[in-house]
Amino acid sequence: MLIKSLLSASLKKGVQEALQMELYQSNLWKHIANNLQRLGFFGGQKYFLKESAEELTHYQIIVD
């Protein structure tokens with residue numbers, strides 16, 4: 001049995017875009033952290049890894 005969604009099509013699209021942006025930002029911060037590690041900026045690496053983890057937390061909040 002299919003369950004009818006309570007969300008409108010535009011709201012579904014907005015949620016999907018928000019989820020995609022959270023994942024994109026998480027990967028971007030990881031990429032920046034990896035480059036900072038390569039350059040020896042370990043404080044910057046730590047900061048961006050923390051930011052990446054926060055984006056995944058935001059992602060999970062949206063999913064829930």
Side-chain angles (χ1 to χ4, degrees):
M1 179 170 94
L2 293 176
I3 298 174
K4 184 176 179 181
S5 176
L6 299 176
L7 302 177
S8 68
S10 61
L11 190 54
K12 281 185 200 178
K13 183 179 178 187
V15 169
Q16 184 63 36
E17 289 173 358
L19 290 172
Q20 288 174 345
M21 187 55 65
E22 294 296 341
L23 292 176
Y24 173 80
Q25 288 175 333
S26 175
N27 287 329
L28 175 62
W29 300 150
K30 283 181 187 176
H31 174 74
I32 292 171
N34 291 339
N35 281 299
L36 289 173
Q37 178 188 25
R38 182 178 53 82
L39 296 169
F41 295 107
F42 302 109
Q45 174 200 16
K46 183 178 177 181
Y47 172 81
F48 281 103
L49 286 175
K50 181 178 173 282
E51 290 297 312
S52 175
E54 278 187 38
E55 294 303 330
L56 292 177
T57 300
H58 299 161
Y59 172 87
Q60 194 58 50
I61 289 169
I62 294 170
V63 169
D64 291 343

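Numbers here are sequence positions counted from 1.
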Trace of the side chain to side chain contact (heavy atoms under 4.5 Å, CB included) decision for Asn35 with Arg38: CA-CA 5 Å; Asn35 281 299; Arg38 182 178 53 82; 3.1 Å; yes

For Gln16 and Lys12, what are the C-alpha separation, side-chain angles and deciding distance, and is it a side chain to side chain contact (heavy atoms under 4.5 Å, CB included)? CA-CA 6 Å; Gln16 184 63 36; Lys12 281 185 200 178; over 6 Å; no

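For the atom pair Lys30 NZ and Asn34 CG, the distance stands at 9.0 Å (nearest 0.5 Å). Lys46 contributes atom NZ, which lies 10.0 Å from atom CG of Leu49 (distance to the nearest 0.5 angstrom). Rounding to the nearest 0.5 angstrom, the gap separating the CD atom in Glu55 from the CD atom in Gln60 is 13.5 Å.
Pairing each heavy atom of Ala33 with each of Phe48, the nearest pair is CB-CB, 3.9 Å. Closest of all the heavy-atom pairs between Ala18 and Ile62 is CB-CD1, 4.0 Å.
Put simply, Ile32 and Leu39 are part of the same group of oily side chains (I, L, V, M, F, W, Y) that touch within less than 4.5 Å, one to the next. Hydrophobic cluster membership is shared by Val63 and Leu56, with clusters built from Ile, Leu, Val, Met, Phe, Trp and Tyr side chains linked at under 4.5 angstrom. Both Trp29 and Tyr47 belong to a common hydrophobic cluster when Ile, Leu, Val, Met, Phe, Trp and Tyr are linked at side-chain heavy-atom distances under 4.5 angstrom.
Residues Met21 and Gln25 are in side-chain contact: their nearest non-hydrogen atoms beyond the backbone lie under 4.5 Å apart. Considering only heavy atoms from C-beta on, Leu23 stays 4.5 Å or farther from Leu19 through its side chain.
For the residue pair His31 / Asn27, no side-chain donor-acceptor distance below 3.5 Å is found, with atom types taken as modelled.
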